[in-house]
Novice: 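Before anything else, here's the structure in question.
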Amino acid sequence: VFSIDRAGYYPKGKGIFRVQISPVQKLSPLNLIAREPLTELSLTCILSELPDHIAEREIAYVKKCFSEKRIQYPLNIEVKKYSAISPGNMLFLKARFGSLDAGFSALGDKKKSSEKVAQELCGSFFQFMDANAPIEEYMGDMLLLPLAYARGSSSYKVAILSNHLL
């Protein structure tokens, strides 16, 4: 269970979220080398203290990018508004590949157009798609430590090798 009570954006931050995490009894190894086919795409635009046209422009640009790349999957779209101490915006894409999800995000900025935010999001997603790996760059970083405690050896393929994994 995950919920956001208040978004937090740079420089003031102070976001509040709640998460419920249940402990595991046994941590099993993970072996993910091949990626399953893309089955679902969900786009979420988060706005705090900003006008709706920002979300509309970001969503339109993502649709345009997907059309140009001939990505034919239905795009589930949601716009969420959260209170915040300072204005902010985030674009998040969840891509489902069989039973695995991969996430991609881009943050808005006063100096960045809505189209640039959407372009950054699409760029990271397309880079992941071209790599044909089941794990995206940042998830590859996060999996490393817990898998060190798994009972057995693990192996996984990441789309981009980050400096943390070197």
Novice: Roughly how far, to the nearest 0.5 Å, is the OH atom of Tyr82 from the CD1 atom of Ile4?
Specialist: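 Here the interatomic distance stands at 4.0 Å.
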Novice: Checking Ser154 side chain against Leu147 main chain: does a donor-acceptor pair fall under 3.5 Å?
Specialist: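 No.
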Novice: Using salt bridge (charged side-chain N to carboxylate O under 4.0 Å, His left out) as the criterion, list what pairs up with Glu56, not counting sequence neighbours.
Specialist: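 Testing Glu56 for salt bridge (charged side-chain N to carboxylate O under 4.0 Å, His left out), a comparison that skips the adjacent residues, returns none.
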Novice: Looking at Lys14, is its backbone amide N or carbonyl O close enough to the side chain of Arg6 to form a donor-acceptor pair, meaning the two atoms are under 3.5 Å apart?
Specialist: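 At least one qualifying donor-acceptor pair exists.
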Novice: Without swapping roles, check the side chain of Arg35 against the backbone of Met129 for a donor-acceptor pair under 3.5 Å.
Specialist: yes
Novice: Over all heavy atoms of both residues, which pair between Asp101 and Lys94 is shortest? Give the atoms and the distance, please.
Specialist: OD2-CD, 3.7 Å
Novice: Do the side chain of Ser155 and the main chain of Asn31 share a donor and acceptor less than 3.5 angstrom apart?
Specialist: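 A pair under 3.5 Å: no.
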Novice: Would a line drawn from the ring center of Phe66 to the ring center of Phe126 be shorter than 6.0 Å?
Specialist: yes
Novice: Kindly compute the distance separating OG (Ser114) from CD (Gln119), expressed to the nearest 0.5 Å.
Specialist: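 If we round to the nearest 0.5 Å, Ser114:OG and Gln119:CD are 12.5 Å apart.
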Novice: I need the Asp5 CG to Ser83 OG distance, nearest 0.5 Å.
Specialist: 8.5 Å
Novice: In this structure, are over 12 heavy atoms from other groups packed under 6.0 Å from Tyr149 atom OH?
Specialist: no
Novice: In Å and rounded to the nearest 0.5 Å, what is the CG to CD distance from Leu43 to Glu78?
Specialist: 10.0 Å
Novice: Does atom CD of Gln20 have more than 12 heavy-atom neighbours, drawn from other residues, nucleotides or ligands, at distances under 6.0 Å?
Specialist: no
Novice: For a quick test of your reading: what N or O donor-acceptor pairs under 3.5 Å do the side chains of residues 102-112 make, sequence neighbours left out?
Specialist:
{"unit_1": "Asp109", "atom_1": "OD1", "unit_2": "Lys111", "atom_2": "N", "d": "2.8"}
{"unit_1": "Lys112", "atom_1": "NZ", "unit_2": "Leu107", "atom_2": "O", "d": "2.9"}
{"unit_1": "Lys112", "atom_1": "NZ", "unit_2": "Glu120", "atom_2": "OE1", "d": "3.1"}
{"unit_1": "Lys112", "atom_1": "NZ", "unit_2": "Glu120", "atom_2": "OE2", "d": "3.4"}

Novice: So, the side chain of Tyr9 versus the backbone of Ala84: is there a donor-acceptor pair under 3.5 Å, distance only?
Specialist: no
Novice: For Leu38 and Ala95, which heavy atoms make the closest approach, and how far apart are they?
Specialist: CD1-CB, 4.0 Å
